Amino acid sequence: MEIRICINGTDHIVEIDVGETLLDLLRWLGYKGAKNACETGNCGACTVLLNGRPVASCIMLAAQADGATVQTVEGLADEGKLHPVQEAFMDAGAPQCGFCTPGMIMTAVAFLDAKPDPTRHEVREAISGNICRCSGYVKVVDAIMDAARRIREEGAA
Amino acid sequence: MTENLIGGSFPRIDGVEKVTGSATYAADMKLPGMLYARLLTSPHAHATIRDINTEKAKALYGVKAVLTGADLPYRVGLYMVDKPVLADGKARYFGEPVAAVAAISEEIAEEAVKLIEVDYEPLEPVLDAKKALEADAPLVHPDLDSYECIRGVFCPKGGTNIANHFRLKKGDAEEAFTRCDKIIENEFYVPQVQHVPMETHASIAHWKPKGNIEIWTSAQSPFAVRHLLSVALGMSQSMIRVVVPYLGGAFGGKAGIHLEPLVALLSKAAGYRPVRIVATREQEFMTLPCRQGLHARVKTGVNAEGRILSQEIEYIWDAGAYADYGVNIGRASGYSGAGPYEIDNVKMDSLTVYTTKPFGTAYRGFGHVELFWAIESQMDIVAQELKMDPVEFRMKNLLKPGATTITGEEITKYTGSVRKCLEEVAKEIKWGETCGDGGGETCGDGGARGRGESAPADAPTNAPTNGRHGSRSKGKVRAKGIAVLHKAPAMPPNTASSAIMKFNEDATVDLLVSGIDYGQGTATSLSQIAAHELKLPFERIHFIWNKDTDFSPYDWQTVASRFTVMGGLSIIKAAEDATRQIKDVAAEALNVKPDALEVKDGVVFVKEDPSLALDYTDVVMGYKFDNGNSIGGPVIGRGNYIAEGLTNLDPETGQGLPALNWTYGAHAVEIEVDTRTGDIEILKLASAFDVGKVINEGLCRGQVIGGCVQGVGSAIHEQYIYDKAGRLLNASLTDYKIPTVKDIPHEITPIFVETPHDKGPFGARGVAEHPMISVPPVIANAIFNGTGVRIKELPLSPERVFLALNPGRSKT
């Protein structure tokens with residue numbers, strides 16, 4: 001079947017298999033930031049934003065994304081300028097192996113969009129569906145708290 | 001900037017790639033004409049393969065190659081060459097690859113796998129390592145005697161399931177037990193668990209018509225892959241190229257060699273087309289390796305003053321179906337297996353035993369997470385028996401300068417201080433003081449023991465002597481615990497590293513090493529060392545990320561917390577070499593002697609007259625005199641390092657020098673046990689390590705926090721669960737849970753002790769594995785201190801804790 005999907009601002013009209021997942025489609029189109037790490041929606045490494053909301057693209061059919069707007073980690077930077085969440089992750093040293101990082105960042109972006117002034121507890125709740133084996137999560141939470149501050153300051157400026 | 005290069009918190013050099021999704025991992029790569037491989041795995045834990053029919057699979061449109069064990073007469077292995085590429089006439093575990101297909105798409109490959117017909121004759125599975133030692137146990141490897149291994153270091157016993165038996169004897173344990181006032185013996189158990197790297201194993205291989213092989217793979221050790229493949233296939237190393245791009249976590253599970261031989265042979269069979277395989281998460285659990293299980297028995301003899309006089313230890317390692325790496329875990333955990341204690345009389349037997357389960361390999365800590373479950377639980381039990389404070393008891397027995405380890409190595413002032421680590425964490429957790437405000441909950445704390453609150457001598461041995469576990473009316477008990485640890489790199493005594501520094505025209509430097517940074521941050525800390533030694537700004541160091549055996553200098557493996565130390569020492573020597581070349585050329589250009597020169601910030605100048613100076617850009621590609629005559633040439637620094645002074649261990653007594661350096665550590669914890677649910681909250685974890693010298697504090701903290709949380713996984717959450725037939729029941733992240741952000745300690749406090757190591761770069765030691773070690777026993781010790789219940793099997797799951805606290809309640 002054919003679907004129309006807007007990825008990071010670019011419209012695609014693509015022929016898909018009915019059983020194809022959104023993750024497979026994205027990676028086939030070259031958006032490799034989203035990772036396949038569990039195939040069961042348990043780990044969050046495949047998280048992308050579908051119409052602004054975080055979804056596990058490994059358990060979502062591409063057909064379900066017909067007509068949708070999708071944002072991946074590749075689409076976060078604005079003309080080369082990193083998103084505040086990306087900057088905060090870098091400065092906090094949050095990525096270690098980096099495999100969970102794109103999914104973690106996309107979850108954080110959507111979360112901070114809805115909750116610009118969170119507590120650490122709320123951040124922990126928000127990323128509890130994103131698994132990281134390297135970091136022990138402390139620097140990830142630090143980074144998201146710092147990103148929230150950056151976004152608020154940018155908004156105020 | 002060349003100031004404060006060592007010890008500061010430089011941001012990671014790989015940050016941009018990782019936050020933008022542009023870091024390329026093996027599974028992200030695609031070569032022209034690439035095929036996709038899928039595996040057929042064994043549904044039996046132990047079975048003879050009578051016949052495999054691949055005709056239907058081969059006939060399917062798009063299938064380019066189908067291989068079975070019968071096609072592949074090769075064995076691979078790092079220390080013990082016991083692993084076939086595909087099951088060879090017999091399947092030895094549920095999940096073992098039996099056949100493989102390469103096809104034009106993953107879907108077709110998967111379809112073809114389903115068309116392969118295998119005629120199995122099930123055999124009796126061997127699921128318990130202790131039962132595997134019984135005389136009538138089925139043999140997992142009937143041909144064990146014929147396997148290659150390093151004889152003299154490892155000793156497989158043909159006709160049994162014993163892959164290796166490490167023996168150590170120091171003093172006379174048996175005689176010393178007769179002089180002890182108390183002898184305490186306990187058994188402990190650690191189940192198999194898994195590394196669970198976020199990236200599953202992925203490899204691409206291209207067997208070229210000329211006969212050479214190119215491989216891109218998720219491996220920790222490109223040179224080990226090349227070496228082991230060349231040995232298995234009987235090919236020259238020069239015909240094999242191994243490239244490692246970004247690596248999504250490893251933890252030991254990607255050391256040695258894994259899927260690379262299979263994809264290489266599929267590529268050849270498919271008419272020299274490149275083939276990619278990416279393990280599914282299910283295969284990562286059941287087909288790729290895990291961590292060995294451990295049955296431990298520890299018998300400790302002490303005198304009335306609390307000195308350990310004698311210890312007898314038996315470790316039975318559940319290696320699973322293959323022990324290619326596992327035999328060295330049995331050896332390493334043997335020679336360090338009594339913990340960081342001074343004990344004059346030790347008898348140690350560490351057996352690596354085959355069973356028909358997924359096989360174990362290196363996993364962060366290399367046997368030490370498992371053995372310290374036994375040792376540090378036992379030490380608290382002994383202290384309890386002596387009615388002695390656990391910190392005080394340890395302080396009486398911990399190694400100090402002048403003492404000897406159980407292999408006879410003398411501890412010096414450079415070895416590091418486990419005592420200091422223990423002091424630091426005890427202070428941080430406020431050992432001896434009551435627990436923090438828990439809203440009136442009780443607090444168990446070993447600190448009050450031996451100070452007048454001792455239980456009567458006839459009290460049950462499992463009751464805390466301070467008697468303060470008291471009321472559980474609110475259902476929550478707070479308590480503290482402590483534990484110590486040590487580990488040295490476990491590696492052959494001739495392990496080597498090397499480094500190359502290539503200057504570019506603009507006096508930036510390409511830094512080439514072959515250790516892999518799979519998240520530790522080594523690339524950043526090694527770049528700091530390079531900049532410091534070259535006296536160049538950090539920004540001028542260009543760390544070459546992808547490792548490529550065609551271009552990168554040799555390194556044995558990225559394992560054993562060895563790379564900052566051994567890579568760092570290689571880099572120091574390479575920088576000396578490059579600087580010498582620069583000075584030689586500048587000396588001739590400036591007409592002075594080389595030792596009259598100094599370098600800083602990319603300028604070489606005369607010490608006495610800094611105005612006589614040359615910019616590196618005028619030197620590093622050769623110096624051109626005004627008349628056009630030129631000298632020198634491109635500057636390429638070269639450095640190497642080989643572990644020096646290590647010895648093989650005596651096969652009977654285990655005596656010798658196996659350790660390049662010991663990193664000591666200690667944990668202290670405050671927990672809250674919910675006695676109604678068995679749930680454990682970790683309120684605070686303080687962890688100290690004698691790292692010698694912190695190279696990058698931010699990265700060190702990252703290693704400690706990450707390691708501690710991985711330790712919490714082993715302590716509370718993780719285990720392989722089988723049915724009676726040996727089928728793994730929880731091979732998914734749905735059923736096998738690793739810690740999420742909601743499972744971490746409320747507070748983790750990393751502490752760094754700096755007793756310089758005389759051989760390390762700037763005095764540094766490795767600290768990658770250590771944070772994970774002794775996390776399980778520190779929690780179990782706290783549970784005991786709070787509740788009086790001693791648990792000797794991992795994990796400390798809510799179910800196990802609840803049942804231990806409520807012995808009357810049945811599991812159903």
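Order of the sequence lines fixes the chain letters, A, B, ..., with proteins taken first and strands second; residue numbering starts at 1 for each chain. Remember, predicted model here, so these are calculated numbers, not experimental data. Any value given below was found using the heavy atoms of this structure, including those in side chains, with hydrogens, waters and symmetry copies removed.
Taking B:V709, B:I748, B:I744 one by one and counting their heavy-atom pairs under 4.5 Å with chain A, the maximum is reached by B:I744.
Using a 4.5 Å heavy-atom threshold, the side chains of A:E125 and B:K742 count as touching. When side chains are defined from C-beta on, A:C97 does not count as touching B:E199, because their heavy atoms never get closer than 4.5 Å. Counting heavy atoms from C-beta on, the side chains of A:Q96 and B:K18 never come closer than 4.5 Å. The side-chain heavy atoms of B:R281 and A:N42, taken from C-beta on, include no pair separated by under 4.5 Å. Counting heavy atoms from C-beta on, the side chains of A:K35 and B:Y25 come closer than 4.5 Å. Residues A:R133 and B:I738 are in side-chain contact: their nearest non-hydrogen atoms beyond the backbone lie under 4.5 Å apart. A:V141 has its side chain within reach of B:V741: a pair of non-hydrogen atoms, C-beta onward, lies under 4.5 Å apart.
Separation of atoms CZ (A:R124) and CG (B:D743) is listed at 9.0 Å; rounding is to 0.5 Å. Here OG of B:S9 is found 12.0 Å from CG of A:D91. Values are rounded to the nearest 0.5 Å. Atom CZ in A:F89 sits 13.0 Å away from atom CZ in B:R12 (nearest 0.5 Å). Rounded to the nearest 0.5 angstrom, B:L733 CG and A:I131 CD1 are separated by 5.0 Å. Here OG1 of B:T200 is found 7.0 Å from CG of A:N36. Values are rounded to the nearest 0.5 Å. For the atom pair CG of B:D28 and CZ of A:F99, the computed distance is 6.5 Å after rounding to the nearest 0.5 Å.
Side chain of A:K139 to backbone of B:G698: a donor-acceptor contact under 3.5 angstrom is found. Remark: the backbone N or O of A:C134 is not paired with any side-chain donor or acceptor of B:Q710 at under 3.5 angstrom. Side chain of A:Y137 to main chain of B:P739: a donor-acceptor pair is present (N/O by atom type, distance under 3.5 Å, no hydrogens or angles).
Using a 4.5 Å cut-off between heavy atoms, B:F251 contacts chain A through its side chain alone, with no backbone atom that close. Looking at A:S135, only its backbone comes within 4.5 Å of chain B, counting heavy atoms on both sides. Residue B:D517 does not touch chain A at all, counting heavy-atom pairs closer than 4.5 Å. Using a 4.5 Å cut-off between heavy atoms, A:E39 touches chain B through its side chain atoms alone. In this structure, chain A has heavy atoms under 4.5 Å from both the backbone and the side chain of B:T734. Contact of B:V16 with chain A is made through backbone and side chain together, with heavy-atom distances under 4.5 Å. The part of A:I105 that comes within reach of chain B is its side chain, from C-beta onward, which places non-hydrogen atoms under 4.5 angstrom from that chain. With a threshold of 4.5 angstrom between heavy atoms, A:V140 does not approach chain B through any atom at all. For a residue to count as touching a neighbouring chain, one of its non-hydrogen atoms must lie under 4.5 Å from one of that chain's; by this rule A:K32 touches chain B with backbone and side chain alike. Of the atoms belonging to B:L247, it is backbone heavy atoms, and not side-chain ones, that fall under 4.5 Å from chain A.
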For this session: Kindly indicate, with the supporting measurements, whether the criterion side-chain contact (heavy atoms from CB on, under 4.5 Å) is fulfilled by B:T20 and A:L82.
Result: CA-CA 8 Å; B:T20 56; A:L82 296 182; 3.6 Å; yes
Exercise. Does the pair B:M198 and A:C43 meet the rule for a side-chain contact (heavy atoms from CB on, under 4.5 Å), with working shown?
Worked result: CA-CA 8 Å; B:M198 293 312 293; A:C43 79; 3.8 Å; yes
Exercise. Could you walk me through whether A:R27 and B:E106 pass the salt bridge (Lys or Arg N to Asp or Glu O under 4.0 Å) check?
Worked result: CA-CA 14 Å; A:R27 290 180 61 83; B:E106 286 187 332; over 6 Å; no
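Dense packing is recorded around CZ of A:R120, with more than 12 heavy atoms of other residues, nucleotides or ligands lying under 6.0 Å away.
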